Each structure stands twice: as C-alpha cells, then as structure tokens.
Amino acid sequence: MSRPHLTLVSDGLPLPVAHEAEPEAPAEIAATASPARPAPLSAWSNVHAADAIRASSAQAQLAPPDSRRALKAFVKNPTAMTGLVFLALVVAAALAAPILYPDDPLAMVARPLLWPGQDPDFPLGTDSLGRDVAAGLFHGARVSLMVGLAATAIGLLLGTSVGALAGYFGGRLDALLVRLIEIFQSIPSFILLIVLVAIAQPTIATITVAIGLVTWPTIARLARAEFRAIRAKEFVAAAKSLGYGHTRIILREILPNALPPLIVTASVMVAMAILNESALSFMGMGDPNVVSWGSMIGAGRELLRTAWFLTALPGLVIVFTVLALNLIGDGLNDALNPRLAAER
Amino acid sequence: MHQFLRLSRVLARTLVHAVPTVIGIVILDFFLLRLAPGDAADVMAGESGAATEETMAALRSRFGLDLPVLDQLLAYLSNLAHFSLGYSPRYNMPVADLILQRLPSSLALMGIALGLALVIGVGLGVVMATQVGRWPDRVLSVLALLFYSVPSFWIGLMLIVLFSVHLGWLPSGGAGSIGTEATGLAALLDKARYMLLPALALSLFYVAIYARLTRAAMLEVRSQDFIRTARAKGLSPMAVTLRHALRNALLPVTTIAGVHLGGLMGGAVVVETVYSWPGLGRLAYEAVMSRDFTVLLGVLLLSSFLVILANILVDLLQAWLDPRIEAAP
C-alpha cells in the first residue's frame, strides 16, 4: 500500500552522498538514518568532521569491492538466514501449488465454512462458498511472488534508467528528470495505483505494470545519487580517457558499483509490491480470475464476526512473506553497506 | 526580525520550487482523466438511462469534449484556477465541494495516526537506543520489523475481531454514534472511540519506521562531541539522553514525518474502507466502484497538493528548528 518506504526519500536529492561514511555507525544506521538527514545540513562539513577523518582513513585500508566478503557476511547473518528460510518456504509453496492442489483453487470442493481442523481433508477449512482455504493460500503464493518480482523488475529497470541518465549526464537533463521524479513522488502512490488500475482494468499484467510505474521514483532517486557520486571517481575518468563511450561507462563501469544499494532497496520493494497487490485485491480491484491473498481477506471480511479465520490466515501468510523479504533486506544491507560506507 | 526574514526567504524559495511540480501534476491528472474509459457525457447518459447520438453530441459540445486536446487542457486549467474540479453526476454536487466535505475527517484520522506513530515510535526508538545490543533492543527490533511487514487493512480487521467482536470495547466502524445528543467532552470521547482503531491500524507501519529511525539517529548523535561534553560535566544519563541526544535526533524524524503524508493518504484509503470512515479514502473507493473518474482524479489531485503543502511546511519547520539552514539560491 502505498506504503511509503523507508527508502522513500533515501537520499536527499540535492545532497552529495559524501557524508554517509560513518565508521561507528553500523550499516543499519546508514540505511535508516541517512534518509533522514536534513538536506541542507550536509553543507556543514564540520558537523561530521570528527567522523569524516576516521572514515577517510578507514577508506584507505579497505580492500576494493569484495563480493565474497559481502556474501560471507550475509550468510553469517542470522537475520538474513531466517529471512531466506522463510522465503524459501513461500517459494516452495508456490512451486508445490499445482502439484498439491492441481484443481482450480476457485472451485467449490466441500461444505462451506468448515473450521480449520474440522475435516482432515481440508486442514485449513473452507470459505463461505466451500473453497479450500489451503489451496487458495498455496496458489496465492504464486500470484503474490510473481507480481512482487515482476513489478520490482519493472520499477528497477525504469528507475535505474532514469536515475542513471540524470546522475551521469547532469545538467539540464538532470534538472528535467529530477522534476519528473519529484512530480511522481508528490502523488500519493497508492492512490495513483488505484487510478491506474481503475483506468486499465484489473488483470495480473496491468496490476504488475501499475505497481512498477508507481515505485520507480524511489529507485531513480537512489540510482541518481549513486551515479552522481561514482561519476566523479578516478576510474570513471580513466575510462573516459581510454575513449569508452557513454553507454559502456554507464553499463560496465558505473552500474556494477552502483548496484549494492539498489539490490538492498529492491528486496524491500518486492515486499512493498506484495503489500500493494494484496491491498488492491482486498479492495476488490484485483484480478477476478485468480485467487490472491488480498482477495481472500476481502472475501473473508464479510464473515469477520463468525469465521474470522478466513481473514486471519491469508493475512498471516502475507505477514510471513513480507517479513521474510524485509529480513533479507536488512541482511543485505548489513552485508553490503560497510563497504559502501567506506567506499564513499 | 532576522529570523522572520530568513524564514520568508525559505518560504519564497520552496514556493517557487513547488510551482513546476504542481503544473506537472495537473497535466498528468488531465491526461489520466482523458485516458479513463467514458467521458462525462457517457456518464450522464448512463445516469439518465438513455440518450440519442444527438443529445450525446450536444452534451459533448456543452462540456467542451469535442474541442482539441490543447483547448480542453486550457479549459481544465482555467477551471482549476477557479477551484472547480468538475461535477459529479452521481453525488449531484461539484467535486471540489464533495472533497472538501470529506477532507476534515481524513485529515483528523491521518493527524492522529501520525501523532500516535511519532509518540510510540520515538519512545520505542529511545528505549532501543539506550539498550542497544541488549535484549529489549533485540525484541523491539524484531517487533518493529514485524509492524513494518503487516498490511494495515489486515491488522485493522484483526483489531476489529479482538476489540469489537470478542471484547466489545470499541465500535467496529463509522465515525460516531448516530443520534446521540452528547456535546462537549462526551461528544469528543465518542469520536475518539471511533477513531482509535483506524488510527492505530494506520499508524503501526509508521511506528516501525520512526522507532528504527530514532534508534539510528540517537546512536549517531551519541558519538558526537557535545554528548561527551554533556556527560563530562556530570549530567545524569537521563538528561543526556532526553535533552541532548533526543533533541538532536528528532530533526531527521520531523523531516521524514512530513514526507509520510503521501503514504498516509494511501494507507487511509484502505483503512477507511475497512472502518467505513467517511473520509477522502472512502470517497476514492466509492468513486472507483462507481467508475466516477472525475471524483477519483479530483482526490488524486488534491491529495498531491496536500503532500506538496506538507513538504513546504516541513521545509519551514526545519529552517525554524535549525538556524544554520539558509535560503539557498
């Protein structure tokens, strides 16, 4: 839902990124505090002076980007591993859905409103039309994951392109694109999402594209800040002096170095996309031909007083999935950010 | 006097900065409205039951729907300049009036939710920062992450199950008892009873954000020299935490709180439908269900303006809180 994200304003657009080096600030701070830092403060170099000196010395000692170290940190992180295990369970459920429940989850299969445990054939009960709740949850996992991943891919592609162009070329193009980003960030994204889906008719495809269209500004801001910071580095100047073209510099030189923060944000974006999709289908704006966790909650809502499990179960599954993704996001952040902090 | 001048310079700068954004949003809104299936003539013909080609054409020319796109855009802009967002045949009243009628209850809900989120979130954040690494910090961190992952509409429904259905303490929806003659404090309490659950459902997500943010900001501030000075001069840990660390950590929190208005608006749409709260979000929902795109896009436009307004206010607040912020050119 339009849920603003932690990353909504993650980098004050106008500010240089240089101040984010904080040796004593664990990664989490860089993630959550940096968005908050009021933009104009960064002009006050003395505010972080003491830290900055230590940061630059740490920078000198640190090895160049080392993805193996990040991977090791990620694997050792209990938060991240918990998230991965949770997510693996959801993915397994999505993959197993057509095997365990080969029939249409929207088909009526039993007596309506069986409570969980009442009939061993339907361990999670049935809804008011006699549809198997467990089958709905398994098939819903497919929809949620698919929409979440595809929407994030769209948002990532769009946002990175816009951010890369703005950050790399600067000047007028930058000013124009920043305006565009600002316009999209001023519009409450969930309301825009509703408008887009209402105009385009709800299907899985339109919902996915619409979610991608409302989430790209977050990535664009982040990508722009990264590209601006990296553009100024020596290796980019070296690449330029070798005569590489803009496309090659953007894609092969800068992009790999700008990826880590984008990856962290992407994992949270998948979570947000899943929440958005569930909110849409809860409101009856989902694809009517597929079963989705949100639409199950929407249907169960009518029977909230008598059969609250119909609402509770799909919601718990959403929380489980989104929590898994957020845990992974936190873990990625911890693994990728120390290096980032030092690099800057 | 200097303060006033500085603030008015900041205001002028942010206002000028907002103008292109506003224009961009209006144009986007206009084109979305044109993309929407069916125009006002279709809607009116549908409402009246039947219409011939001739009356449709007459309606279209009356509303200027047969003009070139650019002329229509200009007409739309001139309407907007007169604070007219169009007319809703369904509600039989101007869209602007309709929205303004719903706005106060939405703002009240969002304001209370934001207030709750700030108080609870900052409180939790302070506890987490002072206990960093120990079990209260760990437990609250997990809790914050959980809050961050819960869909607001679902927690809203669960709150209804617990507090309205099983415990019977609070009403499950609506905005006030019907037919009460209560006035003064009693009326306020009645209102509060209806507002508590939706505000709580809406705020939970932001509680998580502010808790994490406050924790991070406190930890960052903690390592700075003035905190060491405050400790060195013998202030109690409590005084250092609250008067020195928290005060400085709050600046980032206030900044981001203003930015969250847009998100709150979106959240309110869903939460208001859960609690049948008569606000903007509920109006947007009804507009979608009845395919009333004039109303829907009016809500979109107005809520975007509110976000821009909130951002301007935040800029001013920041400039006031932090005298180092000057009006940049």
Side-chain angles (χ1 to χ4, degrees), chain A residues 1-6 8-9 22 24-26 28-29 31-33 35-38 40-41 44 50-51 179-180 182-183 185-196 198-199 271 275 278-279 282-285 294 297 301 304-305 308 311-312 314-315 318-319 322-323 325-327 330, chain B residues 20-21 24-25 28 32 35-37 145-146 148-154 157-158 160-161 165 205 209 212-213 216-217 219-220 223-225 251-253 255-256 259-260 262-263 265-267 269-270 273 284-285 288-289 291 293 296-297 299-300 303-304 307-308 311 318 322 324-326 328:
Chain A
M1 187 138 33
S2 156
R3 299 287 205 126
H5 328 176
L6 273 180
L8 188 71
V9 282
E22 289 149 84
E24 322 175 273
E28 193 181 347
I29 293 189
T32 43
R37 194 166 294 122
L41 259 186
W44 284 74
D51 289 351
R179 275 283 166 221
L180 193 70
E182 220 164 89
I183 288 171
Q185 286 212 314
S186 299
I187 302 176
S189 61
F190 189 66
I191 302 186
L192 181 59
L193 182 60
I194 291 179
V195 170
L196 290 177
I199 289 177
L275 283 177
S278 69
F282 165 73
M283 290 176 67
M285 298 186 66
I297 296 179
R301 181 190 168 189
L304 198 58
R305 281 173 193 278
W308 54 266
T311 310
I318 296 176
V319 174
V322 174
L323 183 66
L325 287 160
N326 283 332
L327 286 171
D330 267 19
Chain B
T21 313
I25 289 175
L28 185 73
L32 282 175
L35 273 177
L145 209 57
L146 201 63
Y148 191 63
S149 309
V150 172
S152 61
F153 61 92
W154 181 72
L157 291 169
M158 291 297 107
I160 292 180
V161 169
V165 178
F205 181 77
I209 294 183
R212 289 177 63 139
L213 207 62
L219 288 181
E220 198 201 346
S223 63
Q224 293 196 3
D225 290 341
L251 195 64
V253 178
T255 320
I256 209 162
V259 177
H260 281 156
M265 286 257 175
V269 176
V270 196
T273 54
Y285 176 71
V288 173
M289 288 302 136
R291 307 265 135 201
F293 286 98
L296 187 58
L297 283 152
V299 172
L300 183 73
S303 51
S304 310
V307 171
I308 293 174
N311 285 335
Q318 256 188 357
D322 189 340
R324 289 171 302 188
I325 295 173
E326 255 301 337

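Lettering follows sequence order; numbering is per chain, from 1. All values reported here derive from a predicted model rather than from experimental measurement.
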**OP:** Please lay out, stage by stage, how B:Leu300 and A:Ile194 fare under the test side chain to side chain contact (heavy atoms under 4.5 Å, CB included).
**Re:** CA-CA 10 Å; B:Leu300 183 73; A:Ile194 291 179; over 6 Å; no

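To the nearest 0.5 Å, atoms CE (B:Met158) and CD1 (A:Ile297) are separated by 7.5 Å. Atom CG of B:Asn311 and atom CD of A:Glu182 lie 8.5 Å apart (nearest 0.5 Å). Note that CG of A:Leu327 is 9.5 Å distant from CG of B:Leu146, once rounded to the nearest 0.5 Å. Here the straight-line distance linking atom CD1 of B:Ile25 with atom CG of A:Leu192 works out to 10.0 Å at 0.5 Å rounding. Here the CD1-OG distance, from A:Ile191 to B:Ser304, works out to 7.5 Å after rounding to the nearest 0.5 Å.
Nearest approach of A:Leu275 to B:Ser149, heavy atoms of both residues: CD2-O, 4.0 Å. Summarising the geometry of A:Pro188 relative to B:Val307, their closest heavy-atom pair is CG-CG2, 4.1 Å, with the distance given to 0.1 Å. For A:Leu323 against B:Leu145, the heavy-atom pair with the smallest separation is CD1-O, 3.7 Å. Nearest heavy-atom pair, B:Thr273 versus A:Arg301, reported as atom, atom and distance to 0.1 Å: O-NH2, 2.8 Å.
Residue with the most contacts toward chain B among A:Ala312, A:Gly294, A:Ser278: A:Ala312 (heavy-atom pairs, distance under 4.5 Å).
Taking 4.5 Å as the limit, some side-chain heavy atom of B:Pro151 sits within range of a side-chain heavy atom of A:Val319. Under the 4.5 Å side-chain criterion, counting only non-hydrogen atoms from C-beta, B:Val299 is not in contact with A:Val195. Considering only heavy atoms from C-beta on, A:Asp330 stays 4.5 Å or farther from B:Tyr148 through its side chain. Looking at B:Val288 and A:Met283, their side chains never come closer than 4.5 Å, going by heavy atoms from C-beta outward. By the 4.5 Å heavy-atom criterion applied to side chains, A:Phe282 and B:Val270 are counted as neighbours. The closest side-chain heavy-atom distance from A:Trp308 to B:Ile160 is not below 4.5 Å.
Proximity to chain B involves both the backbone and the side chain of A:Ala198, based on heavy atoms less than 4.5 angstrom apart. For chain A, the nearby parts of B:Leu157 are the backbone and the side chain; heavy atoms of each come within less than 4.5 Å.
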